[in-house]
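Read the structure below first, then the notes.
A, B, ... follow the sequence lines: proteins, then strands. Residue 1 opens every chain.
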Amino acid sequence: MSRLVQNRIANTWLRLKPSIALSSVFIKNLTTVPEQLPETNDESSQSEKIWNVIVGKAGDRVSEDEVFHRLSNDELCNKVTLSDSLVHKLLHRFRDDWKSAIGVLKWAESCKGHKHSSECYDLAVDILGKAKKWDRMTEFVERMRGDKVVTLNTIAKIMRRFAGGGEWEEAVKVFDRLGEFGLVKDTESMNLLLDTLCKEKRVEQARAILLELKGHITPDVYTFNIFIHGWCKANRVEEALWTIQEMKGHGFRPCVISYTTIIRCYCQQSEFIKVYEMLSEMEANGSPPNSVTYTTIMSSLNAQKEFEESLRVAARMKRSGCVPDTLFNNCLIHTLARAGKLEEAERVFRVEMPELGVLVNTSTYNSMIAMYCHHDEEEKAVELLKEMESSKVCNPDVHTYHPLLRSCFKRGDVVEVGRLLKEMVTKHHLSLDESTYTFLIQRFCRANICEWAYCLFEEMISQDITPRHKTCLLLLEEVKKKNMHEATERIEHIMKTVKLTAPVK
DNA sequence: TTAGGGTTAG
C-alpha cells in the first residue's frame, strides 16, 4: 500500500465525527470485496476482466432467463473460450443464488463446443438442492439421466440435500431408483443412504432400512461405523455399544474409528472416566488410539477449560508413540497458549512441527497469533502475520484478524483497525462474515463512533447478511443518543421487515 | 463411503 493511501486512511479515520455520507463511501470502499478470481496467474488481468463482466451481469438477483439473455448478448462473453474451471468457479460464486447459477449454466451450454464436466453438473444439482428447489433439482437430474451423466456422487448430493431439507423419504426413493440411473444397489450405495439418514438424526429409519436390505446387501465395517455415529449423534451410547457387539457378531473387528466415535460421545457427556476406560480398552484390543482420538479428547477438555488435564492427554499420546498430525498440533498449541505456556507453544510451532515434518496451516498460525494478542505481544503477532503472508504455505482468513482487531480496539487505535480491515479486503480478498460485522459494530458503538458502526450495518444489509436482534438494539440505542434521525428510522424499519437472527446458543 | 472446531467474552 502506498504511503499516500495510508495517510489518506489515517486522516479519514482520525476524523472522529465523520458525516454519514462521507463515511459511508469510505467504509464501502473499505470492506466490500472486489470481485475477482480466487486464484491469480500471469494472465490474471484478462481473466479478471471476464470474471468481472460475467459476475456483474449475472450477480444482481434477476431471473435465470435474464442472466442467460444478458450473457448471450454480451460481446466479451461471446468471445470467451470457456474452461471447465471458469464455469466451476462461477457456479461456486453463485452457490447461494440458484437463479444466477442456472442462468450461467444455460449460457455456458449455449457456447460453442462447451460440454459440462460432471463436477459442474453435480454442483448445479447441489445449488438447487441447497435452495430447496426440489422440482427444479429433479428436472435437472432427469436431464442428466438422459445424458447418462449421473454418478454416485450426484446421488450423494441429491440424497444429502433432500435429507438436510427434511425430506428424508425422498432420499430413500432416490436409492430405490438407482437402477434407472444406471447405478447399482450395493454396499457402497446403501452405506451412502444410511450415512445420510444417520447424519440427519434419522438413525431409527436407517436401522429399519438396513433390516429390510440385509437379505440382499451385505453390511461392512463402514455400515456399522455409520450406525455407531448415528446412535452417538442421537446421544444413545447404549445402542452404539450394542452396535459394536453386533459388528463383532458379523465377524468384523471394531476399529479405531468405531471407538473414537464413542469416545467423542462420552466427551460430550463429560463422562471422562469412561473415556479413559475406553482408551485402555483400545490399547488392549490392538486398535490403539490415534491422533484423531487424542485430539477429540483434548478439544473437549479445553472446552471445559481443563487445560492441564488436556496437556496430560497430550503427554500420554507422545508416550504411546502415536504420530501427531496438523490438527493435533494445532490443538496442542491452543492448549499451551490457554495454559499460559507461551514458550512451550513456540517450541511446538518452531521446533517440533518442522522436525516431525508436520505441515502448518492457517489455524496453526491463527492460534499463535491469538496467543500473542492475548498476552499483549502484538508485535510478535504482526510479525507472524507477515511470515504467514510470505511463506505461501497458507493464507490468512477472518479468524487471523479477529484477535488483531480486538487488540486495536482495546488500545483505542481505530486508525489501525481501518488499516487492518483494508488489508483484509484488498490484500487477501476476504469478505467480512456475520460474526465479524457483529463484532465490529459492537466495538465501534462502544468506542462512541456509531457512525462507523451504522455504515457497517448498512453494508451488512446490502450484502444480504442478516444482523442479530441484539446488534440492531445496541446500534439503535447509540444512534438515538446522537440524534441520528435518518439512521434511527432506517434501523427501526429493518427491525420490522427483516427476519432477524436470534443470538447464537 | 465411516472419526478430530476455535473464538472476538466480562
Side-chain angles (χ1 to χ4, degrees), chain A residues 151-153 155-157 159-160 186-196 198-199 206 219-233 240 243 247 252 254-268 278 282 287 289-303 305 310 313 317 322 324-335 337-338 361-371 373-374 397-410 417 420 432-444 446 471 503-505:
Chain A
T151 64
L152 198 56
N153 214 358
I155 299 295
K157 303 268 186 217
M159 281 183 179
R160 295 209 194 271
D186 55 9
T187 308
E188 189 185 357
S189 55
M190 176 185 73
N191 285 347
L192 177 61
L193 173 67
L194 298 176
D195 187 49
T196 305
C198 284
K199 293 228 164 90
D220 63 1
V221 180
Y222 290 89
T223 317
F224 292 106
N225 283 341
I226 286 165
F227 275 101
I228 291 170
H229 187 78
W231 290 120
C232 287
K233 202 174 162 80
T243 306
M247 190 171 183
F252 296 114
C255 66
V256 60
I257 295 177
S258 328
Y259 290 118
T260 302
T261 308
I262 293 175
I263 282 183
R264 182 172 150 79
C265 193
Y266 281 145
C267 282
Q268 282 164 343
M278 187 144 276
M282 289 172 81
S287 305
N290 63 15
S291 186
V292 179
T293 321
Y294 290 107
T295 311
T296 305
I297 302 169
M298 287 175 69
S299 298
S300 177
L301 288 166
N302 289 349
K305 302 203 191 302
S310 182
V313 174
M317 152 141 170
C322 164
D325 62 4
T326 304
L327 265 69
F328 169 81
N329 278 297
N330 290 355
C331 182
L332 178 58
I333 288 173
H334 175 74
T335 315
R338 295 297 305 267
N361 63 17
T362 302
S363 289
T364 323
Y365 276 103
N366 288 358
S367 292
M368 291 296 293
I369 289 172
M371 174 179 83
C373 288
H374 274 289
D397 62 12
V398 281
H399 300 293
T400 315
Y401 282 91
H402 279 157
L404 293 164
L405 288 166
R406 182 184 165 273
S407 297
C408 295
F409 277 116
K410 203 171 153 191
V417 170
L420 287 173
L432 306 190
D433 58 3
E434 191 268 335
S435 65
T436 312
Y437 274 119
T438 304
F439 167 68
L440 289 170
I441 291 171
Q442 254 177 33
R443 301 309 287 251
F444 276 130
R446 203 189 293 176
T471 310
V504 185
K505 275 175 222 169

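- Rounded to an integer number of Å, the gap from Phe227(A) CZ to dT2(B) C1' is 12 Å.
- Using a 4.0 Å heavy-atom cutoff across all strands shown, Asp220(A) reaches at least one base atom of the nucleic acid.
- Whole-Å rounding puts the Gln268(A) CD to dA3(B) C1' distance at 12 Å.
- Between Arg446(A) and the phosphate of dG10(B), there is a side-chain N or O to OP1/OP2 separation shorter than 4.0 Å.
- Stacking between Phe439(A) and dT8(B) is absent: the aromatic ring centre is not both under 5.5 angstrom from the base six-membered ring centre and within 30 degrees in plane angle.
- Following rounding to the nearest Å, Tyr401(A) (OH) and dG6(B) (P) show an atom-to-atom distance of 21 Å.
- Between dG4(B) and Arg264(A), a contact under 4.0 Å exists linking OP1 or OP2 to a side-chain N or O.
- For a distance-only test at 3.5 Å, the side chain of Asn290(A) qualifies as a donor-acceptor partner of the base of dA3(B).
- Judged by distance alone, the side chains of Asn366(A) and Ser363(A) never bring a donor and an acceptor atom under 3.5 Å apart.
- The CE atom of Met368(A) sits 15 Å away from the P atom of dG6(B) (whole-angstrom rounding).
- For Asn330(A), counting side-chain heavy atoms from C-beta on, the closest listed nucleotide (dT1(B), dT8(B), dG6(B)) is dG6(B).
- Rounded to a whole Å, the CD1 atom of Ile262(A) is 18 Å from the P atom of dT2(B).
- For the OP1/OP2 pair of dA3(B) and a distance below 4.0 Å, the side-chain nitrogens and oxygens of Lys199(A) include at least one atom meeting the criterion.
- Closest of all the heavy-atom pairs between Leu432(A) and Thr436(A) is CD2-CG2, 4.1 Å.
- In this structure, Thr223(A) reaches neither bases nor backbone, as no heavy-atom distance under 4.0 Å exists between it and the strands shown.
- Taking atom NE2 of residue His229(A) and atom P of nucleotide dA3(B), one finds them 5 Å apart after rounding to whole Å.
- Side-chain contact of Asn302(A) with Ser310(A): a donor-acceptor pair under 3.5 Å is present, judged by distance alone.
- Here Phe409(A) lies out of heavy-atom contact (under 4.0 Å) with every strand.
- For the 3.5 Å distance criterion, the side chains of Asn329(A) and Thr326(A) fail to qualify, holding no donor opposite an acceptor.
- Put simply, Arg160(A) has no side-chain N or O that comes within less than 4.0 Å of OP1 or OP2 on dT1(B).
- Residue Thr296(A) places no side-chain atom within donor-acceptor reach of the base of dG4(B), judged by atom type and a 3.5 Å distance cut-off alone.
- Within the 4.0 Å cut-off from OP1 or OP2 of dT7(B), not a single side-chain nitrogen or oxygen of His374(A) is found.
- Counting distance only, with no hydrogens placed and no angle test, the side-chain atoms of Ser299(A) and the base atoms of dG6(B) include no donor-acceptor pair under 3.5 Å.
- Protein atom NZ of Lys233(A) is 14 Å distant from nucleotide atom P of dT2(B), rounded to whole Å.
- The line from CE of Met159(A) to CG of Leu192(A) is 5.0 Å long, rounded to the nearest 0.5 Å.
- Distances from the side chain of His399(A) to the nucleotides dG4(B), dT1(B), dG6(B) place dG6(B) closest.
- If you check distances only, the side chain of Asp325(A) does reach the base of dG4(B) with a donor-acceptor pair under 3.5 Å.
- In this entry the distance linking CD1 of Ile297(A) with C1' of dA3(B) reads 12 Å, nearest Å.
- Here Ser435(A) lies in heavy-atom contact (under 4.0 Å) with a base.
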For residues 221-229 of chain A, which side-chain donor-acceptor pairs fall under 3.5 Å, sequence neighbours excluded?
{"from": "Thr223(A)", "atom 1": "OG1", "to": "Asn191(A)", "atom 2": "OD1", "distance (Å)": "2.7"}
{"from": "Thr223(A)", "atom 1": "OG1", "to": "Asp220(A)", "atom 2": "N", "distance (Å)": "2.9"}
{"from": "Thr223(A)", "atom 1": "OG1", "to": "Asp220(A)", "atom 2": "O", "distance (Å)": "3.3"}
{"from": "Thr223(A)", "atom 1": "OG1", "to": "Asp220(A)", "atom 2": "OD1", "distance (Å)": "2.8"}
{"from": "Asn225(A)", "atom 1": "OD1", "to": "Ser258(A)", "atom 2": "OG", "distance (Å)": "2.7"}

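- Side-chain proximity of Leu327(A) to the nucleotides dA3(B), dT2(B), dG4(B) is greatest for dG4(B).
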